[in-house]
Amino acid sequence: MKSYGQFCPVAKAAELFCERWTALILRDLAAGATRFSELRRGVPLMSPTLLSTRLKKLEAEGIVERSAPAGPKERSPRYHLTEAGAEFVPLVVGLGTWGQRWARRQLAEHEIDLGLLIWSLERSVKADAFGKKRSVVHLNFTDQPTGKDLWWFVNENSACELCLHDPGFDVDLHLACSLPDMIYILRGDLPLSKAIADERLEAHGTAAARRKLSDWLNLSPLAAVKPKSRATAAF
């Protein structure tokens, strides 16, 4: 962790917060990730060794605390923000708001990340949006190769379980779209109603399930932030 060599409190805070990857780690901890494996999925380009080192540094600085495994079936510790770490959350939200308002643009090829999109869906969807009974959403990425194109989300007991293979249950809602379009939908660039009207997203299922799709996607409040950047193009 490099020092600015200044006593200024802005410099001291920036030494912690502005180091590469730290804001994303805090983002994911604030969103509910607690396991090392969950944090890894949120920063797929960060090596496990670097993530482990960064978590230890944040723990030493009192930003993150580590708890012992909850029971005999858990082998890994869990990570949580401390009171000091929680005070960074508004800064994370502020960064996201600024990014939505001023840095939005067409996706670059290296930003179209299937794994990150799937992880974002798995952790953010509202599993009980369709009611208390078990429900299944089948997602087909029309531009992805076999083996990466079909995904199932099983919603039950207020939890969502991602399945890489057909779980064998009746599907309540079939969704089909390209990977970039789903990213644009989640990012708030492509309104759900417009995506369906323009046939960029196909949604087939019961009328009740289709009505609840927006609730299930449970878009981040950041998705509602309107862009002001001159570079913003139609998505």
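Heads up: numbering here begins at 1 and tracks the sequence. Since the structure is predicted, the reported quantities are computational estimates derived from the model, not experimental observations.
- The closest side-chain heavy-atom distance from Thr142 to Asp149 is not below 4.5 Å.
- The distance from atom CZ of Arg134 to atom CG of Asn157, rounded to the nearest 0.5 Å, is 10.0 Å.
- Hydrophobic clustering keeps Val154 apart from Val125 (ILVMFWY residues linked when any side-chain heavy atoms are closer than 4.5 Å, directly or through intermediates).
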Step-by-step side-chain contact (heavy atoms from CB on, under 4.5 Å) determination, Lys194 to Leu190: CA-CA 7 Å; Lys194 179 174 175 56; Leu190 178 60; 4.2 Å; yes
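- For Asp28, the salt bridge (charged side-chain N to carboxylate O under 4.0 Å, His left out) partners are Arg123, not counting sequence neighbours.
- When side chains are defined from C-beta on, Leu91 does not count as touching Leu26, because their heavy atoms never get closer than 4.5 Å.
- Salt-bridge check for Arg54 with Glu19: passed, with a basic side-chain N closer than 4.0 Å to an acidic carboxylate O.
- Residue Trp119 belongs to a hydrophobic cluster whose other members are Leu116, with links defined by side-chain heavy atoms closer than 4.5 Å.
- More than 12 heavy atoms of other residues, nucleotides or ligands shown are found within 6.0 angstrom of CD on Glu111.
- Each side-chain hydrogen bond (donor to acceptor under 3.5 Å, both in side chains) pair with one or both residues in residues 183-193, not counting sequence neighbours, appears once here: Arg104-Asp189, Gln106-Tyr184, Arg187-Asp189.
- A salt bridge (charged side-chain N to carboxylate O under 4.0 Å, His left out) check over residues 29-50, counting only residues at least two apart or in different chains, returns the pairs Arg35-Glu38, Arg35-Glu74, Arg41-Glu122.
- Taking 4.5 Å as the limit, some side-chain heavy atom of Met46 sits within range of a side-chain heavy atom of Ile25.
- Of all heavy-atom pairs between Leu222 and Val93, the closest is CD2-O, 4.1 Å.
- Between atom CG of residue Leu39 and atom CG of residue Leu24 there is a gap of 11.0 Å, rounded to the nearest 0.5 Å.
- The shortest side-chain heavy-atom distance between Leu219 and Leu192 does not fall under the 4.5 Å cut-off.
- The minimum heavy-atom distance between Pro90 and Ala86, with the atom names listed, is CD-O, 3.6 Å.
- Side chain of Thr22 to main chain of Cys18: no donor-acceptor pair is present (N/O by atom type, distance under 3.5 Å, no hydrogens or angles).
- Checked against ring pair (Phe, Tyr, Trp, His ring centres under 6.0 Å), Tyr79 has no partners two or more places apart in sequence or in another chain.
- Interatomic distance, Lys57 NZ to Ile63 CD1, rounded to the nearest 0.5 Å: 14.0 Å.
- Ser3 and Glu15 make their closest contact through OG-OE2, 3.0 Å (heavy atoms, listed as atom of the first residue, atom of the second, distance).
- Partners of Glu87 by side chain to side chain donor-acceptor pair (under 3.5 Å), not counting sequence neighbours: none found.
- Across Ala209 and Phe130, no two heavy atoms sit closer than the pair O-CE2, 3.5 Å.
- Summarising the geometry of Ser158 relative to Ala127, their closest heavy-atom pair is C-CB, 3.6 Å, with the distance given to 0.1 Å.
- The shortest heavy-atom contact between Val89 and Ala30 is CG2-CB, 3.8 Å.
- Pairs passing the side-chain hydrogen bond (donor to acceptor under 3.5 Å, both in side chains) check and including a residue from residues 211-220, sequence neighbours excluded, read Asn155-Trp216.
- Between Leu213 and Leu201, the closest side-chain pair of non-hydrogen atoms falls below 4.5 Å.
- Hydrophobic clustering (side-chain heavy atoms under 4.5 Å, transitive across Ile, Leu, Val, Met, Phe, Trp, Tyr) groups Val43 together with Leu58.
- Tracing side-chain contacts under 4.5 Å through hydrophobic residues (I, L, V, M, F, W, Y), one reaches Leu55 starting from Leu45; they form part of the same cluster.
- With a 4.5 Å cut-off on side-chain heavy atoms, Trp102 and Lys228 count as touching.
- Hydrophobic clustering keeps Leu150 apart from Leu139 (ILVMFWY residues linked when any side-chain heavy atoms are closer than 4.5 Å, directly or through intermediates).
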Leu114 and Ile118: CA distance, side-chain angles, deciding distance, side-chain contact (heavy atoms from CB on, under 4.5 Å) verdict: CA-CA 6 Å; Leu114 174 62; Ile118 290 295; 3.9 Å; yes
Chi angles and distances behind the side-chain contact (heavy atoms from CB on, under 4.5 Å) call for Leu162, Trp151: CA-CA 7 Å; Leu162 174 66; Trp151 305 83; 3.9 Å; yes
Acceptor/donor pairs from residues 175-183 side chains to any protein atom, 3.5 angstrom cut, sequence neighbours excluded:
unit_1 : atom_1 : unit_2 : atom_2 : d
Ser178 : OG     : Asp181 : N      : 3.2
Ser178 : OG     : Asp181 : OD2    : 3.4
Asp181 : OD1    : Arg200 : NE     : 3.3
Asp181 : OD1    : Arg200 : NH2    : 2.6
Asp181 : OD2    : Arg200 : NE     : 3.2

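- Arg27 pairs by the salt bridge (charged side-chain N to carboxylate O under 4.0 Å, His left out) definition with nothing, not counting sequence neighbours.
- Considering only residues two or more places apart in sequence or on other chains, Glu59 meets the salt bridge (charged side-chain N to carboxylate O under 4.0 Å, His left out) condition with Arg66.
- Formation of a donor-acceptor pair under 3.5 Å by the Ser135 side chain with backbone atoms of Asp172 is not found in this model.
- With sequence neighbours excluded, the residues that form a ring pair (Phe, Tyr, Trp, His ring centres under 6.0 Å) with His174 are His138.
- Pairs engaging residues 12-39 under the ring pair (Phe, Tyr, Trp, His ring centres under 6.0 Å) rule: Phe17-Phe88 [sequence neighbours left out].
- Follow the hydrophobic side-chain contacts under 4.5 Å out from Val136 and you never reach Leu173; the two are in separate clusters.
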